[in-house]
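To start, the structure itself, in structure tokens.
This is a predicted model, so every value here is computed, not measured. Note on naming: letters A, B, ... go to the chains in the order of the sequence lines (proteins, then strands), and numbering restarts at 1 for each one.
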Amino acid sequence: MSHRSLTRRTFLAGTGFVALAKAVPAPAWAVGAAKVGTAAPGFTSTATTGQPVSLGDYRDKTVVLEWTNHDCPYVRKHYETGNMQTLQKEATGQGVVWLTIISSPPGAQGHVSAGEADALTKKRNASPSLVLLDPNGAVGKMYGATNTPHMYVVDRAGTLVYAGAIDDRPTSRKADVEGAQNYVRAALADVAAGQPVKTPITRAYGCTVKYL
Amino acid sequence: MRIAMGGVVVRVLVAALLLAGGASVALAAADAPEPRVRVELVSEVSEIPAGRSFWIGLRQRIEPGWHTYWKNPGDSGEPPRIEWTPPPGFTLGEFAWPHPDRIRVGPVMSYGYSGEVVLPIPVSAPRDLVPGARVTLRGQASWLVCEKICIPEEAPVALTLPVTSGEPRPDARGAALIATARRAVPVPSPWPASFSATRETVTLSVAAPDLASERIAEVAFYPAGWGAIENAAPQHVRGGTAGLTLELARGPLPNALSGPLEGVLVVAEKLDGGVARHAFVVSASPIAGAGALSLLAALTLALAGGVVLNLMPCVLPVLSVKTLALVRHADGHALTLRRHGFVYTAGVLASFAVVAGVLLTLRAGGAQLGWGFQLQSPVFVTLLALVLFTLALSLSGVLVIGGRFTGAGQMLAGRAGYAGTFFTGALATVAATPCTAPFMGAALGYAVTQPWTTALLVFEALGLGLALPFLILTLLPAWRRALPAPGAWTVRLQQLLAFPLYATVAWLVWVVSQQAGPQGVAAALAGLLVIGFAGWLYQTSRGAQARWRRAATLAAIALAAVSVALGTLAGAASAGRVATTSAGWEPFSAARLAELRAAGKPVFVNVTAAWCITCLVNERVALGSRAVSDAFARNGITALKADWTRRDPSITQVLGAFGRNGVPLYLVYPAGAGRPPAVLPQILSETIVLNALDKETP
């Protein structure tokens, strides 16, 4: 009898340890709380239109997050070849929400005002659903965005299903766009087909995000 | 412009031009008037040797504050490359990457180079070249250079050299640059490495027991690829008797750790004159099963492992005997029996708590230990052999200690019997130490990477598993009815069970032979002999007159003490382990040096120690090379190796004579009696050694 209750107590103590381990806050260096395969962290930011935007606004929609810095040579590779714009048109045409996020703080490369951001969109013939301004880097750090471009895909259930590079050619050479395997396009196709994303995590490449 | 304008002004200007529109885009790239990196090709030879291989290098001189990238650039960035248009027959290899630095930009960690770096490139020249003809190696180099902003740059690079059919003349400047760069290229790690991982952490262990941790200034691990570890996370390094341990944060790529963890370990070692950095290629193999263990899985595995321990040759006899004692008292009260079950379990759990406590305390103190750490001490191993031997003798019936252990059944009903049962639990734990059950490795590998509370829990689960079969037997007495009635068979079985114990003793003596050599074995065997004699003395004096009996008992105890002392001696013998000497090197002695010098013979003295990384690397990259041993032979040089691993005073004297109090020290004594030796730098390359040998012993 006494033996049985002892065992149960030991077991409870064990589960207590598990709970304790999970409650430990993420260490200070941990840039990203976002983890592929788990719920994408919710955020609220401001669009260039002035409206507040939350990830939660797009429940039941597939969302693409694109970190950008228009002066970064790697971003320019994809905009000056029209690669990024083509992908944006394709995605938004299928009802995907495309959020372009700028995390450069004032004074750093890539920082723009709302007006400048809209002018860039127009000039580059880009078609994001919205451009978000994240000058204090809060959203960027929440997602662990280290590069521009750095791409994320959130499925309709709100799960982060892709994080990483736009494609498999980690260079700034425009000639490398041709023939590259586009991970974001592949992830969106998998999500549309209701299948798990085949390549869910890749090494992002590009310029570092210019956090404060 | 370069002088007139600060970098900031240029950058602002470039940024402004970039903002002005797409037309100015080219400015930031290849055509930028002010490259952040100036590149050139350098060569170790000033002539191309037909049909042979040689090294050239891409030299990057990087503007202060900016950096270029290693082969794994880290969280962002891109490694440099060259697209060659090689002359016919020439092969240009990949870069031999010198080890990088950690470069932090905000929360992002890059691996790269700042200031200046030379990336060595192996070239092999074809045989059919015309001597005197000039050959140009030409390519287009491209690289990314970053400060806060990143700029891709590129430039054509070319190197024109005449062909020679003979020995090529060295290029003094290029040879020095390339030698320095190749010295920074990681060499294969001489130490085995392993890692274990949890969902959050990766623990990399480098089994380098010889390293003296007080000499190590800094350690950093650079992963070969992306995703296995978090680049930006701090790396917690611990040094201990078993080597180095690095606690790393696990990276985002789930299957990055399904194979070995590859990378480069850079160890900064304090030397007499400063700090030397050494880079090693590490391929750490996973510790089986420890990868994705949850606490619950670890506890289950530990429990199962504990149960399996009962079947091990070192534990089975101990428990069988105890169980037989129960059989003899098949009529014992169920309640008493149950109490014994719990007391035994308590004995096991308490002993495990002690072992785990010692282990965790030592680990907290920086020692790198695992389960079975006790077995690293020849003293412990010998003492364990003596205890198990005594036990085996008593099972064989040679010795009956106060009727207490084997006859524990008699005391089963009595109060004193509980102490014996508790002791049996402790004994089972001690006896279990040398046996590693199949499930234990993974669970304990997990435990030692966890906080102490969790670790203790896993250890106790193991203990509970060990105690469980016996506990169940005491709780369910019905099984005893299935056994034949107690009789002669129990005695036979008991005698038979002595043999697994003898086998364990034999194995332990073999372990001692590995740890402490012949002296250790001699001490252990003498200890066993004394135990045997003490047992016989004790046993035969039974039934003798009381004073004889008392004298014999005292003598037996004294002899047991002697055997323990002999066991300790086995440990002392381990200090006498001789470091292995490598081929071509004679052990140093002052007399031998004096004799060679008196004869006017040239001598190379290598003062080294097993715990000195710089020494090790020098031996690997320079002294151990074919060219150097050929040069020794050609010039008739005697190579003396002075091993200071054990702080030999005669070697300390040599060091003192040259104003040193630490290794390495390299001396080249030229031919001719009485001439003073040349002292080589503490960090050697093949070129340095060959040049010194040529100069001092032409």
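To the nearest 0.5 Å, the span separating SG on Cys150(B) from CG on Asp71(A) amounts to 12.0 Å.
Residue Arg173(A) touches chain B through its side chain alone, counting heavy-atom pairs closer than 4.5 Å. With a 4.5 Å cut-off on non-hydrogen atoms, Cys207(A) touches chain B through its backbone and its side chain both.
Nearest heavy-atom pair, Asp75(B) versus Thr146(A), reported as atom, atom and distance to 0.1 Å: O-OG1, 3.7 Å. Nearest heavy-atom pair, Thr171(A) versus Arg81(B), reported as atom, atom and distance to 0.1 Å: CG2-NH2, 3.5 Å. Residues Trp226(B) and Thr202(A) approach most closely at CH2-O, 3.1 Å, considering heavy atoms. For the residue pair Thr208(A) and Ser76(B), the shortest heavy atom distance occurs at CG2-OG, 2.7 Å.
With a 4.5 Å cut-off on side-chain heavy atoms, Leu144(B) and Tyr74(A) count as touching.
Within a 6.0 Å sphere centred on CD of Gln195(A), other residues, nucleotides and ligands contribute more than 12 heavy atoms. Annotation for Lys148(B): atom NZ does not count as buried by contact number, only 12 or fewer foreign heavy atoms lying within 6.0 Å.
Contact count versus chain A (heavy atoms, under 4.5 Å) is highest, among Pro73(B), Pro254(B), Gly225(B), for Pro73(B).
By the salt bridge (Lys or Arg N to Asp or Glu O under 4.0 Å) test, Arg338(B) pairs with no residue at all, sequence neighbours left out.
Salt-bridge check for Glu147(B) with Lys210(A): failed, with every basic side-chain N at 4.0 Å or more from each acidic carboxylate O.
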